Amino acid sequence: MAINYDEIARTFHLSNKKISYVIGILPNGQLNNIYFGKKIRITNNRKNDIDYNYRVMHPCVPNQEEYISLNFVPQEIPTFGQGDYRPESLRIEKIDGNQLDRFAYQSHQIVKGKQSLTSLPEGRPIGNKVESLIILLRDNSTGITAELQYTLYEDLSLITRSIKVTNHSKDAIQIRKIMSLSLDLPDCHYESLQLDGAWARERYMQRNTLRSGDNSISSIKGASSAEHNPFIALLRPETTEHQGEVIATALIYSGNFLANINVSTFGITRLQIGIEPSTFSWYLDENESFQTPEAVLAYSNDGLNDLSHTFHQFINRFLINPKWQNYLRPIVYNNWEATYMNFNENQLINLAEEAADLGMELFVLDDGWFGERENDRMSLGDWVVNSQKFPNGLDKLIETVNKNGLYFGIWIEPEMINEESNLYKENPDWLIHHPQYHKSASRNQYVLDYSRKEVVAHIFDMLSLLLDTYPINYVKWDMNRYISEPFSLKLPSHRQGEFYHRYILGVYELYEKLTQKFPDILFESCSSGGARFDLGLLYYAPQTWTSDNTDAMDRLKIQHGTSIIYPPVSMGAHVSAVPNHQTGRVTSLETRANVAFFGNFGYELDLLALSNQEKIIIKKQIEFYKKYRQNFQYGKFYRLLSPFKGEETSWQVISEDQQTIIVGYYRFRRGINELNIRIKLKGLKNEAIYKYNNQFITGGELMEIGLILTPLELSEEGKDFNSRLIILHKK
Ligand code: DGJ
């Protein structure tokens, strides 16, 4: 790993074993974006990269003796109004209303580790494995500076980038747009991939042809959202899961975002990601700074699956809290789908005893335990134990849970408030609203104004008391609605544009304070399932509830799409009852577990209603998962067959030592009169020998000839929604 500056060519080259990122300084000081891709050696004459031709209708800026039209120059920080008519990455309004900036190189630093971002989640500078380049730029007309930070992570095919703007002028300024990443690419022969959906069908893969102009996705919901994940990729048309070039970006952020691919009619591409600009502005007084969230920029020349490995490793090694790295996550029992909010202490005790008997490890008490919560109209905001349901506080339940060898976890939704709550009686103005407009409810609840310090501090105190009082090992932090009527009673008019970002900073502040004070508590984030599954929250909470849809067949698509960026260990995946509560579909207990195994495994069905036969099956599933948990949670994950392409899905994990391979094969509707099925495995050593069904097969055979399964074996009892797990051990 190295970051070099060539003084003669005025070129920076960031590289590790896999990638190169090259930046040039133009004679006029502007930064030229030269290259991002597989590792290369570079020479020291980059002048030819710049297009000096004059084109009709295109204004030019001076570049020492020559003139260039910025519309055709690949740049690191494209700005507004000086001849580049593509989307800018930075736009700052000055006191006289002008929005022009021209940032020129001042100085740079190459540092071990990185300069930490203030109050934001980010790639962590772990060990000696991280190096950064910080380039200071200055707008000479105003003195405003922009500091770009690029970070390399040992052997990973990615960098992260962020910008910090500081107002060194005497007058206040207003940032109107600031993208964390802007990358210009010299051609446009790409397709795009995004992860789209809605509640209960989050992160479905969408591969699209690009059209000229903007191809964008965004969220203005106050959360990263179920509709579009803060991620976008460019793939060559011929790129598949296992071969071909792909460039992707994702934002380490949980609020409003914009990801845009601009294809110019001149056949070049600009890729950007950052805070959504139409719902954002930021006011800076003299000497104040604004720091953007960090963007990840990843590359692969070996297909989408390889790109996923890069993201998975980044998340597991550099994003999540080191405390939870390689930590084997416990098997959860969650009471939500068993009881919803209708439960009493005895019932929960019975469920906990049964969960322990079956071998589960963590009992999670979901929504309904606090205030006077009987239904979703009441008590959000009152984080005190419901004395009707728990006459003994939580003591008796937790004692039983612990006595039976289980950890205890609890559900909270700290960003929310119901009008029927003590919190609302005491602080009616803490809820996000505008006094002259109707307040829009969602699930009968409202969002607290986390842009206000006192609100965050109050909720922190309440939750601290709860977590100090009881031995709680796990917290599921939910968020069940998007923001409406965005307005803060406490912000002055010129700062209302800061509301959404300040809200998310408040969420991060609470996460930071709670995880600092209670470092041994494992947090799981959730948002009506997976409406806030993003890199920002994974920094604090190393796992996320993937979706409220627990139907095994639907989960194939959800988990498959989610795995494009997020590793299996980050995805909560539970076996639930049939008919499934979301889809009404009936699938076998085996299939439900076979899907959930490829995640952070658990159960959430009424254990007291299980037949003896079902209990026997569940016990075996739990034993099996415990035996192979390391593989499922931390093995290398491969997508072999896609649920978005037909009736079949197949996944594979290989243990780090390559000793064990587990293959899952899933079938939507049964086939008829079909030939054998061949699944070509991935990532094995050619000569390695594996044992399967008392036969010995080489890695090469498994990858090139395939693992062969008979259809008969697959359509067990002639049913639809079948699945098989195949385990291969190395000889
Ligand atoms: C939405 C979550 O996704 C569910 O798992 C459950 O916790 C409910 N909220 C509780 O209200």
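Remember, it's a predicted structure, so these values are computed and weren't measured experimentally.
Judged purely by atom type and a 3.5 angstrom limit, S308 uses its side chain to pair as donor or acceptor with the backbone of L304. Using a distance-only test at 3.5 Å, with no hydrogens or angles considered, a donor-acceptor pair links the side chain of S650 to the main chain of G664. Counting only distance, with no hydrogens or angles, the side chain of N229 and the backbone of L195 share no donor-acceptor pair below 3.5 Å. Of the possible polar contacts, one joining the R555 side chain to the N549 backbone as a donor-acceptor pair under 3.5 Å is found. Proximity of a side-chain donor or acceptor of E413 to a complementary backbone N or O of N480 within less than 3.5 Å is detected. Listed for the Q109 side chain is no donor-acceptor partner under 3.5 Å among the backbone atoms of I135.
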Check against side chain to side chain contact (heavy atoms under 4.5 Å, CB included), V246 and L234: CA-CA 6 Å; V246 45; L234 290 165; over 6 Å; no
Derivation of the side chain to side chain contact (heavy atoms under 4.5 Å, CB included) call for F314 and Y153: CA-CA 8 Å; F314 172 69; Y153 299 82; 3.8 Å; yes
From CA spacing to verdict: side chain to side chain contact (heavy atoms under 4.5 Å, CB included), L183, F36: CA-CA 8 Å; L183 179 76; F36 175 58; 4.0 Å; yes
Residues D520, K323; criterion salt bridge (charged side-chain N to carboxylate O under 4.0 Å, His left out); working and verdict: CA-CA 8 Å; D520 296 331; K323 157 97 190 168; 2.8 Å; yes
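Between F637 and F598, the two ring planes are perpendicular [angle over 60°; tilted spans 30° to 60°]. Aromatic ring orientation, W282 versus F290: tilted (interplanar angle from 30° to 60°). The aromatic rings of H309 and Y638 stand perpendicular to each other, their planes meeting at an angle above 60°, with 30° marking the opposite boundary.
Under a cutoff of 6.0 Å and an axis angle of 45°, R203 and W545 do not form a cation-pi pair.
No side-chain donor from either of Q543 and S570 sits under 3.5 Å from a side-chain acceptor of the other. Side-chain contact check for Q149 and Q291: no donor-acceptor pair (N or O, by modelled atom type) lies under 3.5 Å. W651 and H560 share a donor-acceptor pair across their side chains, judged by distance under 3.5 Å alone. In summary, the side chains of D155 and N16 do not present any donor paired with an acceptor at a separation below 3.5 Å, with no hydrogens or angles considered. Under 3.5 Å, the side chains of S300 and D302 contain no donor-acceptor pair of N or O atoms. There is a side-chain donor-acceptor pair under 3.5 Å between Q621 and Y603.
Of the candidates S527, S254, S525, S254 is the only one forming a side chain to side chain donor-acceptor pair (under 3.5 Å) with D534. Each of E415, E524, E202 was evaluated against R532; a single residue qualifies, E415, per the salt bridge (charged side-chain N to carboxylate O under 4.0 Å, His left out) test.
A salt bridge does not link E131 with K114: none of the charged nitrogens is closer than 4.0 Å to a carboxylate oxygen.
Here the CD atom belonging to Q325 is positioned 14.5 Å from the OH atom belonging to Y327, to the nearest 0.5 angstrom.
Contact of the L235 side chain with the S192 side chain is not registered, since no non-hydrogen atoms from C-beta on lie closer than 4.5 Å.
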